[in-house]
Amino acid sequence: MNRILITLACGVTVVAYAANWPTPLIGYFLSMTGLILIMAVKKNPIGTFSWIWWPWVLALAPSMTGLLTYTHPAISLDALLYIFFYVSAASVGYIVTFYSSPHPIKASDSHCMEVVDSILYYRNIISYMAILGILGAVFFAIEMILIVRANVGDLFILRDQFSSREVGALSRLAPLLVWCSWVALAAAIIGWEMISPIRRVLWLTSAFSATFLSILSAGRQTVFQILIIVALCFLYRLPLRKIYKNANPFGFYRRVKKLGLFARFFATVSVVGGVFYMGLVAVFRQDQTNSLSKSEYLFYVFRVEPQQEVYKILSSIPYDIGDAIYEAIIYFSSGISLFSGFLTIQYEGFYGGTFTFPWLARRFEILTDTSVVEAMQRLQVMMESGRFMSHGWATAFASYVLDFGHIGAFLFMFLVGILSAMTWRMYAKRPDIFSLMLIFAANINLFYMIMVPATSDSIFFFFVIGNVLLHLLLPLRRTSAVQMQEQKS
């Protein structure tokens, strides 16, 4: 796979130079290609330590290469220093915890087959979780279709309906139940050769039913999460074929090989379909009375200036593909600019976790003076006072500063690093599909810090609570491991 990526990167680079692409476009392409190659050649591409840092490279690349220039607020040195120290705090917490013993426990490639064994051992539980995930999608669909009366014909109106609705019990449960679908999706991909066709259908149906959360809200985050989990699973599968030529779980002789043609076709269609859907939302989720193109509207709202030669090339691409590309780039990079503006505004007091844990804060609003909605509205007013984009997110660090102050945010990131390392140590001690999903949750949580989408609070909640539960259930999981070994022998 690495040879294919390198060949593709070199080929496109040669074509880019031959076509006389602008230097910022070539620089951005090379930086993204280099980032992908670095992750691909790593012995452990899903290692959480690298996920602490590489999303910030993704966020800074458009500005560093000159592809985009944020003017108000401009990216400040103060913001970059704060980000560096916060990310460093997480790195120190991770390193100190991971290497806290004289002989640190490291996850090895042999754990891959133990995860496959656990998928077979817990296959009935995973099937029940898949059903719960489907129920979560159904709950959300019932609320949006029957109660909110979602207008699926106009994505701009649909998004407004979703944002302004009174959040009911059904849609509050949905984001948590959907994590059951993610477990089923990961289990289906990693243990594909070992599970029955019926379970494959059930587990994949559960995962793709979760797309209702995006389709019925004119959003993209659930579909984007599917793409991230699929990518993580395929990265995790690499050692299965590279190291183990044969697997013999539960007495069944199976060859660990590449996914079959149908599976690869299905995965390709899913990824392409997800990207296509997100592009459609980017193009069509806009006010029809607005005369500006989507990219021009984003440039105006986020106060960003594109490199003109690049803009001419991308805007000449048919079917508004250039608009979708610019929206994706701005989506991943605007948080640092907004964080620069956030550091210049005045705010009073701390919110004690309202921004960091909004899902949990809503459960205890009766005990506080400020609801989650009121806190969000205050932040919008504060950002508008500086004439900054008020509906974007100034990275996760702005939330941590509002809740705990700068020192508290630094300590909080240190704890995030500790918790991420504890996840890997737990996986190394008892590798199974559930501890692997916590690693995925840790990585996704770190990635989402650059943009803080609506689903980030449920991911962080799953990450924290999942760690607690798996530590409490460690004796039971050890007993299950012994039973798995007995069945294999």
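Only this structure's heavy atoms are used, side chains among them; waters, hydrogens and symmetry mates stay out. All figures in this text were calculated on a predicted structure; none of them were measured in a lab.
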K.L.:
Identify, with sequence neighbours excluded, every residue that meets side chain to side chain contact (heavy atoms under 4.5 Å, CB included) alongside D320.
P.N.:
V283, D323
K.L.:
Once you round to the nearest 0.5 Å, how far does CD1 of I336 lie from CD1 of I450?
P.N.:
7.5 Å
K.L.:
Of the non-hydrogen atoms in G352 and F404, which two are nearest, and what is the gap between them?
P.N.:
C-CE2, 4.0 Å
K.L.:
If I take atom CG from residue L216 and atom CD from residue E143, how far apart are they, to the nearest 0.5 angstrom?
P.N.:
11.0 Å
K.L.:
Answer with yes or no whether the side chains of E114 and Y427 bring together a donor and an acceptor at under 3.5 Å.
P.N.:
no
K.L.:
Hey, does the side chain of D403 reach the backbone of F355 with a donor-acceptor pair shorter than 3.5 angstrom?
P.N.:
yes
K.L.:
Of all heavy-atom pairs between A207 and I226, which one has the smallest distance, and what is that distance?
P.N.:
O-CD1, 3.7 Å
K.L.:
I'd like to check V416 versus L446 (side-chain heavy atoms, cut-off strictly below 4.5 Å). Are they in contact?
P.N.:
yes
K.L.:
Are side-chain N/O atoms of S127 and R199 paired as donor and acceptor at under 3.5 Å?
P.N.:
yes
K.L.:
Kindly say whether R149 contributes a backbone atom to a donor-acceptor pair with the side chain of Q161 at under 3.5 angstrom?
P.N.:
yes
K.L.:
So, for L232 and W51, which heavy atoms are closest and what is the spacing to 0.1 Å?
P.N.:
CD2-CZ2, 3.4 Å
K.L.:
Centres of the W54 and F447 rings: under 6.0 Å?
P.N.:
yes
K.L.:
Atom CZ in F414, atom OH in Y94: separation rounded to 0.5 Å?
P.N.:
14.0 Å
K.L.:
Should the ring pair Y448 and F224 be called parallel, tilted or perpendicular, given that the plane angle runs from 0 to 90° and is split at 30 and 60?
P.N.:
parallel
K.L.:
How about S88 and W53: do any of their side-chain heavy atoms sit closer than 4.5 Å?
P.N.:
yes
K.L.:
Any chance you could measure M422, atom CE, to L415, atom CG, to the nearest 0.5 Å?
P.N.:
10.5 Å
K.L.:
If only atom types and distance count, is the side chain of S435 paired as donor or acceptor with the main-chain N or O of P431 below 3.5 Å?
P.N.:
no
K.L.:
Would you compute the distance between atom CE of M449 and atom CH2 of W56 and round it to the nearest 0.5 angstrom?
P.N.:
8.0 Å
K.L.:
Got a second to check how far T97's OG1 is from I418's CD1, nearest 0.5 Å?
P.N.:
4.5 Å
K.L.:
Side-chain contact, heavy-atom cut-off 4.5 Å: F440 with Q225?
P.N.:
no
